[in-house]
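Reviewing the structure listed below.
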Amino acid sequence: MYKCAIILAAGEGKRMKSSIPKVLHKVCGKEMVNIVIDVVEESRVENIDVVIGREAEKVKDATFKKNVAYSFQQKQLGTGHAVMCAKDFLRGKKGSVAIFTGDAPLITSETIAKLFDFHENGRYKATIVTSIVDNPEGYGRIIRQKDGQVCKIVEHKDCNEEELKVNEINSGMYCFDIESLMSSIDRLNNNNAQGEYYLTDVIEILKSHEGKVGGFSIPFEETMGVNSRIQLSQAEKVMRSRINRKHMENGVTLIDPDNTYIGLDVQIENDTIIYPGNVLQGNTIIKRECILYPNSRIDNSVINENVTIQSSVILDSKIGCNTTVGPYAYIRPQTTIGKSARIGDFVEVKKSTIGDNTKVSHLTYIGDAEIGSGCNFGCGTVVVNYDGKVKNKTIIGDNSFIGCNTNLVSPVTVKSNTYIAAGSTITKEVPEGALAIARARQKNIEGWVEKKGLKK
Ligand code: UD1
Ligand code: CA
């Protein structure tokens with residue numbers, strides 16, 4: 001049967017106290033609305049429509065990579081009204097539509113697939129996703145008939161005393177027969193405590209036409225919504241533990257999963273060992289047998305096999321296999337480090353390539369440079385890439401030995417198989433096979449200390 005989905009994301013989320021729309025707040029590094037879109041997509045629905053309203057442009061921009069349609073809800077007059085705004089998306093379609101909200105990111109694609117099965121096998125006109133909770137405060141209550149069907153949903157503010165005691169709640173996720181939803185959605189009114197068009201009132205309309213309505217109960221962990229920063233942190237915790245469990249199941253060692261922060265789209269191969277305090281973000285890929293000692297942040301980078309990293313920051317870069325990085329290295333975007341290389345303590349590399357087996361062991365800055373293989377950088381080398389106006393390029397061939405405390409004033413080229421004496425300031429090309437010395441010659445003034453009366 002044809003399946004599609006609507007994601008409601010037009011609300012504002014006052015309790016977040018934020019200048020960005022609620023659905024763009026991130027859980028494990030990804031905007032909640034994008035998490036929901038991805039999960040819905042994985043469950044193999046054919047089309048997805050996102051209802052946007054508050055700060056619609058921002059939500060559109062944040063979801064531009066996704067294959068989704070948009071409906072626009074100018075004024076937020078309630079969840080029923082939001083679905084009315086998606087009528088053009090539903091028109092002419094036959095089959096099932098599932099409805100989710102952009103602020104409940106913990107639903108899984110397996111559960112969505114089961115929801116469609118439950119709904120279609122039971123021949124329901126509507127299926128409500130429900131959860132049993134300890135404290136139902138604020139949620140719509142599920143009122144079931146004797147045969148287990150749902151007969152209505154009563155919003156917290158509209159509940160009588162009996163209804164307030166019900167602890168099965170409406171998760172705000174549903175599945176509908178598209179034609180039944182289309183024929184009842186326009187009949188909603190806003191005669192209720194909040195003066196809103198409630199999507200939940202569709203149930204009673206369907207019931208009055210003998211339609212079957214099912215209740216599909218799932219653990220609260222999957223239906224939990226985010227309305228505040230506290231709930232955001234609770235969702236983060238649940239998601240983090242799911243992500244970490246998945247990596248451990250795939251053969252990754254996490255020394256302390258409670259203190260390891262891995263984004264939703266990060267890939268890690270087996271036999272990699274991750275110590276606490278690591279933050280892995282974006283589309284980072286960590287290949288097998290790497291060791292991430294404590295406290296690194298790695299964003300959107302590819303770390304090849306058997307790399308060791310400690311207490312470093314690596315952004316939008318690639319690290320070749322068998323290389324070691326850190327402690328306290330800073331590898332900035334568009335950097336490529338070769339194989340079996342070494343980037344040591346307090347080394348910053350920006351927008352540069354560094355060849356295989358090259359060692360940059362301590363206290364060095366490399367920016368806008370192309371460095372060959374087999375080079376050795378002495379302590380305290382500085383690539384002087386900025387002349388105050390523009391960034392210039394430095395090119396260093398293979399097997400060059402750069403003495404300690406060298407300045408390479410760009411643009412400059414150092415050919416292969418060269419030596420640069422310690423303390424040199426290089427401003428001209430160093431030809432292949434040469435030694436370059438660019439510093440004042442040493443002069444000793446004999447007896448100077450005594451002559452000045454400084455002898456102790
Ligand atoms: C809704 C349900 C309630 C359920 C709860 C679960 C109704 C009437 N009530 O209540 O039974 O227990 O969710 O969290 O549906 N939205 C729009 N446009 C609007 C209004 C809302 O897009 O005009 C979106 C919001 O961005 C949000 C979602 O719909 O993501 C839910 O809206 P919200 O106002 O939070 O509904 P609740 O009052 O929580
Ligand atoms: Ca809500």
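Each ligand, and each atom within it, is numbered from 1 in the order the structure gives. The figures that follow rest on heavy atoms only: side chains count, while hydrogens, waters and symmetry mates do not.
Checking side-chain atoms of Arg44 against main-chain N and O of Ala113 turns up no donor-acceptor pair under 3.5 Å. Proximity of a side-chain donor or acceptor of Lys212 to a complementary backbone N or O of Gly122 within less than 3.5 Å is detected.
Closest approach of Ala104 to Met173, counting heavy atoms only: CB-CE, 3.7 Å. When all heavy atoms of Gly338 and Thr323 are compared, the pair lying nearest together is O-OG1, 2.8 Å.
Where the criterion is an N or O separation shorter than 3.5 Å, residue side chain and backbone included, Asn170 meets it with respect to ligand 1. On a distance-only criterion, Lys75 and ligand 1 share no N/O pair closer than 3.5 Å. For a threshold of 3.5 Å applied to N or O pairs, the pair formed by Ile153 and ligand 1 contains no separation below that value.
The contact set between ligand 1 and Leu8, taken as ligand atoms under 4.0 Å from a residue heavy atom, comprises 22 (O), 24 (C), 29 (O), 30 (O). When each atom of ligand 1 is checked for a heavy atom of Asp103 under 4.0 Å away, the hits are 27 (C), 30 (O). Those atoms of ligand 1 that come under 4.0 Å of a heavy atom in Gly140, given as number and element, are 3 (C), 4 (C), 11 (O), 12 (O).
Ion pair Arg242/Glu221 flagged as a salt bridge, since at least one NZ, NE, NH1 or NH2 atom sits closer than 4.0 Å to an Asp/Glu carboxylate oxygen. Between Lys3 and Glu120, at least one side-chain nitrogen of the basic residue sits less than 4.0 Å from a carboxylate oxygen of the acidic one, meeting the salt-bridge criterion.
Contacts between Ser171 and ligand 1 below 4.0 angstrom, taking non-hydrogen atoms only, involve the backbone exclusively. Contact annotation for His81 and ligand 1: no heavy atom of the residue comes within less than 4.0 Å of the ligand. Contacts with ligand 1 closer than 4.0 Å are made by backbone heavy atoms (N, CA, C, O) of Leu77 only, the side chain lying farther away. With a 4.0 Å cut-off on non-hydrogen atoms, Ala82 touches ligand 1 through its side chain and not its backbone. Proximity of Glu155 to ligand 1, defined as any heavy-atom pair under 4.0 Å, is confined to the side chain (atoms from C-beta onward).
The residue among Val23, Asp201, Thr79 with a heavy atom at the shortest distance from atom 31 (C) of ligand 1 is Thr79. When the options Ala10, Gly78, Ala86 are ranked by their closest heavy atom to atom 19 (C) of ligand 1, first place goes to Gly78.
By the neighbour-count criterion of 12 heavy atoms within 6.0 Å, atom CD of Gln74 is sparsely surrounded, having that number or fewer from other residues, nucleotides or ligands.
Residue contact annotation: Val51 has no non-hydrogen atom under 4.0 Å from ligand 1.
Residue pairs satisfying the salt bridge (Lys or Arg N to Asp or Glu O under 4.0 Å) criterion with at least one member in residues 267-277, sequence neighbours excluded, are absent.
Residues passing the side-chain hydrogen bond (donor to acceptor under 3.5 Å, both in side chains) test with Glu236, sequence neighbours excluded: none.
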